[in-house]
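Comments concern the structure below.
In what follows, every chain begins at residue 1, and chains take the letters A, B, ... in the order their sequences are listed. It should be emphasised that the depicted structure is a prediction, and the values quoted were computed from it without experimental measurement.
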Amino acid sequence: MLKIRNLNAGYGKLRVLKGVSLHVAPGEIVTIIGGNGSGKSTLLRTVAGIVRAQEGEIMLGGRDISADEPETIVSAGCSLVPEGRLIFNTMTVRENLSLGAYPRLRGDRKTDLQAELEVIFAMFPRLREREYQLGGTLSGGEQQMLAIGRALMARPRLIMLDEPSMGLAPIIVKNIFEEIRKLRGAGNTILLVEQNARAALRIADRGYVIETGQMVLEGTSEELLNNNDVQRAYLGKEYRSIGE
Amino acid sequence: MNFLEVKGLSRSFGGLRAVQEVSFSVEKNAIKAIIGPNGAGKTTLFNLISGALPPASGQVFISGSPIHGLPPHRIARRGISRTFQNIKLFSRMSVLENVMIGRHIRSRAGFLAAMLRLPRTKAEEREIRETSMDILSLLGIGDLADQEATSLPFGKQRVVEFARALATEPDLILLDEPAAGLNIHETAHISEMIMKIRRRGITVLVIEHDMSLVMNISDEIVVLSSGKKIAEGAPAAIQKNGEVIRVYLGEGDA
Amino acid sequence: MSFKKILVVFVCLAFLAVAVSCKKKSGETIKIGAIFAVTGPASFLGAPEAKTAQMIIDEINSSGGVDGKSLELIIKDSTGSPEKAISFAKQLIEENKVFAIIGPSTSGETMKIKAICEDGKTILLSCAAAEDIVNPVAKYVFKTPQKDSYAAEKIFEVMKKKGITTIGVVASNDGFGLAGKKQLETIAPKFGITILIGEVYDKKATDLTGVLTKLKANNVQAVVNWSIVPAQSIVPKNMKQLNMNVPLFQSHGFGNIKYAREAGAAGEGIIFPCGRLLIVDTLPDNHPQKAVLAKYKKNYEGKYGEDVSTFGGHAYDAVMILVEAIKKAGADKEKVRDAIESLKGFAGTGGIFNFSVQDHNGLAIDSFDMLTVKGGKFVKYEDK
Amino acid sequence: MRPSVYIPVAVLTACIIAFQIIVSALNREFYLTQLTMSAYYSLVILGLTVLMGYAGQISLGHAAFFAMGGYTTAVLTTYNLAGAAGNPLVKLVVGLGLDTVSTNAYGAQTQHLSPWVSLVVAVCLTAAVAFLIGIPILKLKGHYLAMATLGFGIIVYRIVLGTRMFGEADGISDLPAFRLAGGLAVGGDPGLRVQNYYIAAFLLVAGVILLTNLIDSRPGRALRSIHGSEEAANAMGVNTARYKLSVFVLSAVFACIAGVFLTHFNGGIGPSEAEVMKSVSYVAIVAVGGMANLWGALVMGVVLNYLSLRGYFGSYDEFVFGCILIVIMLFMPEGLLIKENFRILADTAVRIVNKCRAGKQE
Amino acid sequence: MPFEQLLQYIFSGITSGSIYAIVAIGFNIIYNTTGIINFAQGEFLMLGGMTAISLHSFMPLPLAILAAVIITSAVGALIDFIFIRRLKSPSVLNMVIVTIGLSIMIREIALHVWDEKVRSLPYFTGSEVTSINIMGAYISPQVLWVLGVSGVIVAFLGVFFRFTLTGRSMRACASNITAARLCGINTKNMVTISFMLSAAIGALAGCVISPITQTQYDCGTSLAIKGFTVAILGGLGNSTGAVIGGIIIGLLEAMSISIMPLAYKDAISIAILLIILFARPSGLLGKREAAGLKEF
């Protein structure tokens, strides 16, 4: 589904990604873990086209999208749920969701928006309750659901989630991850960037570890969960073992 | 009397209560770490202490005298310096010049003296330059002095920010995620530097995610979650704290 | 990148070219400088003035020049800014060594360069209205537009006949409007007329209902609008809009049929003093100005395809007076200056000029006729 | 401290002197007139560069400060003291010897306030006004700051235009020359041209030296740090509000001094000096010069004003100015006079020379 | 003050206020999608008016206005294609200078295309002398046209931004440009549309006010400054704010005339604006954070 080879990207003179490669197979949940500033968000933003790739290729379903504009990439079936959610604060939940379907609404005016909305509302009943409320007035967890719902409205083949747990209470995080797991059940392919490494690895099939813009480790979730370096740096294993 | 005393600090944005009734204290020359998940209010807490944001309620004392509500530049003069999570170096200025800004509160040339370049100003300028160079050398980046600060690699920028904060000769330094985005070697370097700073008699308050770093260097740890302090204590005690493990480390499968 | 390179090189070459180039012209020509506000806020003065001056100079040159010498006109666009006028005046006098300067278009600019021309012993024939230009008299400074005080007197004469005693005055905040307002205020008592309200509006004003409401509230018997700006057609429109049915008087700045046309139906019945350029068709054939006016009107309208205005006429008079004096005295600055000063009975578009040592304007009150708008045309105003 | 700063100053001084010698030798001294005027306008632009380029605060009302300088001296030095000899204030002025006697264009003697006094008054007044309005205005940011400064400019323009004391639309004319010392005078007399050129050039060079010194000093660094990140500057102990205010006042004073001198040089001032478009063109020239680039601003200020004052582009003057703005912003947003462009130029020159040589050898 | 007179001042204030409001709305549309103030907004009014006047000499008025609106919005699109799109990661100041340059260029081109003379369209209904009596105060039918068209424009924009996909996407751009791109919205096209829309609105406004205010090549600048003032007063990007701000400024000016010399009219309205800004640094209805975000 997604294949990245030797990707370099950054902001201005600053190079954040240095030769990153990874692949995601259809129907998989793949997670990327790494510390703050290691470049994991930049990676997703580069795939989504918000950050320009300086070198390397990003193949989405056999086509190189590294030079495409974000809107083309969305149309090609790859949606990003950005860090910090970035919902449209001044617009209602319904408007937020319908803008998610923008590329398809433009292409085909007859798209049955209501039916699409029903699908999302079925998935996140909370959003139905808040249908005509402004996005900015939602709680953090609801905003995250809205952001995911908005991305799903584009009917993507690949959903990228950037730190969905950020700033959410543990119980909500749990719900969100539950939803993500369900998404995969519904046949979606998911690329997940998460700071909460343990939670992420628990629902993922495979994982990558990124450090200062380079992939340092790759493996199945099981392997990574048991890897000493990973435990020390990202799972707090070291002191947990002291504690236990 | 504790060196830094934070009492019941609160602040909210819109409906979000970013920091709620947080109190703690730091002893002179100690290293205290603040940990917590993203969005727990750690950076807001720093902004409240350094004056970048005025607190809605609560008090902050340094050596017993209140500093809450003061503008940041006045707080800086009280001997508190800081670094930023998303590095805020001054663009279009060299590394050396960035560090020289740190000497601002330790020098006094005004507009007129500077424009006329009076002998007194020249001498002061020399002092600023030399001290700043010394700090750069101390942190091992003396050779970068003339480079443009914002064009440096990430890791080096962190060190420059460090140097800038040190140049103010602070009594208390606030470090906001000093190891973020750094690799293992750079992180080790940072941890060394923090120890070096402490040896100079400076008190350190640090926000950090890297557990190995936190556990290695800190004397005490404060844990924040959703704006509230949920635990405080020595590293060993924190590691055993069930609440901390549940909130911070994942979904309580311990 | 390569485009940028080309650009950089091009820009540098352009600057080099500008710096190096020096215009040189020689031969038996008399250089005449002209400073007009061709563009900018006073362009409705400067543009017709510049066109007129250029037209006459071309005409004279094609018919063999003056005294066997051809004339060269150097027009500078001051955009109505005094500092530019100052710069150009110095440039024309010192660098181009012009024989005389025509213009500037506005009084502010003229007042700034009055002393410069005086120092540089260069004749200045201003096309601006303010009386300060020739009072106190400066040896080398003349002006061709009629005096404001005469215009004011003419207006008051009509008012007196109509039995009007209380009026409101609005004027534009440029040199012309302010000078006129001052004259109205000075002269009004002589005619037993009280100015209840005198207001100044911005030269770019687009709506004057506010100030006219104020006038209306004070029950003025007539309104005088003194300006040269487009607001001259806004005032009558706004008055009709406010259902204000008192007579409207305008100044000689209304001397452009364009403004009457813009005012449309609202412009009917406006009374204003003006030179005779705009009613040349109705003048008797034996009128001394008839030939001059008819020729200027025909040539200007033929050449530029636009209506002639009294502003262009000021430039016409300035150039023709200068030419007349050169014809008499030859190409000698001092003698020409003396010749202008002793010029009598010269028929221009503004009236019959009779210069003297004390009078550097040369026009009498009879240079004005009272005109009115009737059927979209300017006609002579007749007392009813 | 850094000798490299003085090299361009020396080059500039040499250019100034060389230019004068050349034009005098060619008997074309009249070029100096407009160069003198351009130099004064460039002084305004220099002050604005420090405010905008280094401290990062926009001002769309700087013409107002220029006008305040010009109008203050114009009002004070055209007031005839002899006509009000009985007034106690006038008596005091005369008693203190603060008056001067000049001969006007019509040969009459006038007794008026010494321009030295009016210069001091103008500077104090401008500084005070800039200080007072700066306190609230500089709290605004971005477009709101732009609007507030623009608004200030409009207010000053309206006051100048609507008040009889300032000559309304006609402005004030017939200013006496500003006699400095030792026979030096700022005035429009053609005989004073060369010395006026040097007086203006001196002020400009002094301005550049002072501002260059400032930028490379403690307060200068503080200003630049505000531009970089106000939050970080604040955290380093820089009183950002006070520094912004100080630099605002400083650049206002630069504009004011330029206004005083140019008004005496021109012998008069009109409201067009306070117009919004004038302020806008100052800002535009700073941007074209490269924002944080004193030398760029200086060169562009002199060149563009010089071309405009000579009427080089006739009625296309404004059009050309607009084109220059767009082209430079589109293709060289860092300004025209930056090192990179000089390098491109040098490279191209070298290549052309090489090509010519190669051509000759063949 | 008698009631009729007060009402007359209010009419006068509302007339000029609604003109200012239309210009301010034009500013807001572009500001919302790009974060810049388009200082050439006033020139759109001038272009619209001038084009309609020229076309009116050989086609009926409604057609001439329609054509002028279309031509002007094409100019708006052209400006975006040629200039705005070329700017790579521009600072706000760069953008502002470009639009100032554009405004100067358009103005000077207009001068050489049309010349310096004033022109105007005929009154849409009635003539220069028609006047309607409303409760003792008088008003020209064209003023009603201005008010009507302003109202229609505001209503149209309300519907457009709320109920059409394009309008919603433009709001999305205003709310969060990155998120808009992630939704697959071509933000560059939205910028083009916003330029076209504000040019079209400007042109329409230019036509409607032409009979009253007349049109001249340089009439755009003063309108733009007023419009900018009003946009700031109302809070940048807020169309309701623009309407409120416009009416406030208009009324203030009209009322100031009744007690103060007219010469200081602008100085007074701007002084009051400054006072409001000092109290509320983001304008009447502006978002407080927004004022701090867009830096030069």
Side-chain angles (χ1 to χ4, degrees), chain B residues 46-47 50-53 71-84 86-94 96-118 121-122 124-129 132 149-150 161 164-165 167-168 170 174, chain D residues 1-2 4-6 9 46-47 50-51 53-56 127 139 206-251 253-254 290-293 334 338:
Chain B
F46 262 28
N47 285 340
S50 68
L53 285 171
H73 63 91
R74 301 264 309 270
I75 292 181
R77 282 176 182 274
R78 294 288 181 89
I80 299 181
S81 195
R82 69 173 292 188
T83 66
F84 294 87
N86 42 348
I87 305 181
K88 289 188 177 171
L89 288 179
F90 304 121
S91 50
R92 278 171 283 192
M93 290 173 86
S94 71
L96 181 62
E97 282 176 320
N98 263 278
V99 178
M100 285 164 87
I101 292 282
R103 298 300 296 162
H104 188 82
I105 57 170
R106 304 289 166 199
S107 46
R108 41 195 286 266
F111 271 72
L112 211 60
M115 287 200 286
L116 297 174
R117 201 141 275 201
L118 302 173
T121 320
K122 275 188 182 172
E124 188 185 85
E125 189 78 352
R126 204 171 309 123
E127 186 275 330
I128 294 174
R129 196 169 285 266
S132 307
T150 44
E161 223 190 13
R164 185 178 70 185
T168 66
L174 310 177
Chain D
M1 193 67 48
R2 278 203 254 160
S4 64
V5 171
Y6 294 101
V9 170
L46 278 186
V50 174
L51 178 66
Y54 292 99
K139 284 189 184 138
V208 169
I209 294 175
L210 291 179
L211 293 179
T212 321
N213 281 347
L214 175 68
I215 286 160
D216 189 26
S217 73
R218 172 180 179 267
R221 278 189 301 272
L223 290 175
R224 287 148 70 198
S225 72
I226 294 172
H227 195 186
S229 161
E230 197 164 335
E231 194 186 347
N234 232 327
M236 288 303 116
V238 177
N239 185 345
T240 48
R242 213 190 78 202
Y243 271 89
K244 284 199 275 187
L245 192 57
S246 305
V247 74
F248 189 65
V249 172
L250 179 75
S251 74
V253 167
F254 263 73
M291 288 300 277
N293 185 344
E334 299 295 311
I338 55 168

Hey, mind stepping through B:R77 and D:N239 against side chain to side chain contact (heavy atoms under 4.5 Å, CB included) and telling me if it holds? CA-CA 10 Å; B:R77 282 176 182 274; D:N239 185 345; over 6 Å; no
Chi angles and distances behind the side chain to side chain contact (heavy atoms under 4.5 Å, CB included) call for B:H73, D:V238: CA-CA 5 Å; B:H73 63 91; D:V238 177; 5.7 Å; no
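Contacts between B:F84 and chain D at a heavy-atom distance below 4.5 Å involve the side chain alone, from C-beta outward. For chain B, the nearby part of D:L250 is the side chain; its heavy atoms alone come within less than 4.5 Å. Both the backbone and the side chain of B:R82 come within contact range of chain D, judged by heavy atoms closer than 4.5 Å. Only the side chain of B:T168 comes within contact range of chain D, with at least one heavy atom under 4.5 Å from a heavy atom of that chain. Residue contact with chain D, scored on non-hydrogen atoms closer than 4.5 Å, involves the backbone and the side chain of B:R164 alike. Neither the backbone nor the side chain of D:I215 comes within contact range of chain B; no heavy atoms are under 4.5 Å apart. There is no contact between B:L174 and chain D, counting heavy-atom distances below 4.5 Å. Contact annotation for B:E161: neither backbone nor side-chain heavy atoms come within less than 4.5 Å of a heavy atom of chain D. Contact of D:A241 with chain B is not made at all, since no heavy-atom distance falls under 4.5 Å. Using a 4.5 Å cut-off between heavy atoms, B:N98 makes no contact with chain D at all.
Side chain of D:R224 to backbone of B:M93: no donor-acceptor contact under 3.5 angstrom is found.
Residue with the most contacts toward chain D among B:I75, B:I101, B:T83, B:I105: B:I101 (heavy-atom pairs, distance under 4.5 Å). Among D:T240, D:L214, D:L223, D:V247, the residue making the largest number of heavy-atom pairs under 4.5 Å with chain B is D:L214. Most heavy-atom pairs under 4.5 Å with chain D: of the set B:A109, B:A167, B:S91, this distinction falls to B:A109. The most heavy-atom pairs under 4.5 Å with chain B, out of D:G220, D:A292, D:A233, come from D:A233. Counting heavy-atom pairs closer than 4.5 Å to chain D, the top-ranked of the candidates B:P170, B:A114, B:S50, B:A76 is B:A114.
To the nearest 0.5 angstrom, B:M115 atom CE is 9.0 Å from D:N213 atom CG. The CD1 atom of D:I209 sits 11.0 Å away from atom CG of B:L116, with the distance rounded to the nearest 0.5 Å. Taken to the nearest 0.5 Å, the CE atom of B:M100 stands 9.0 Å off from the OG atom of D:S217. Going from atom OG1 of B:T121 over to atom CZ of D:R218 covers 10.5 Å, rounded to the nearest 0.5 Å.
Considering all non-hydrogen atoms of both residues, D:S246 and B:F111 come closest at CB-CE1, 3.4 Å. Scanning both residues, D:M236 and B:G102, for their nearest heavy atoms gives SD-CA, 4.3 Å.
Shown here is B:R74, whose CZ atom has no more than 12 heavy atoms of other residues, nucleotides or ligands within 6.0 Å.
Ring pair B:H104/D:Y243: centre-to-centre distance below 6.0 Å.
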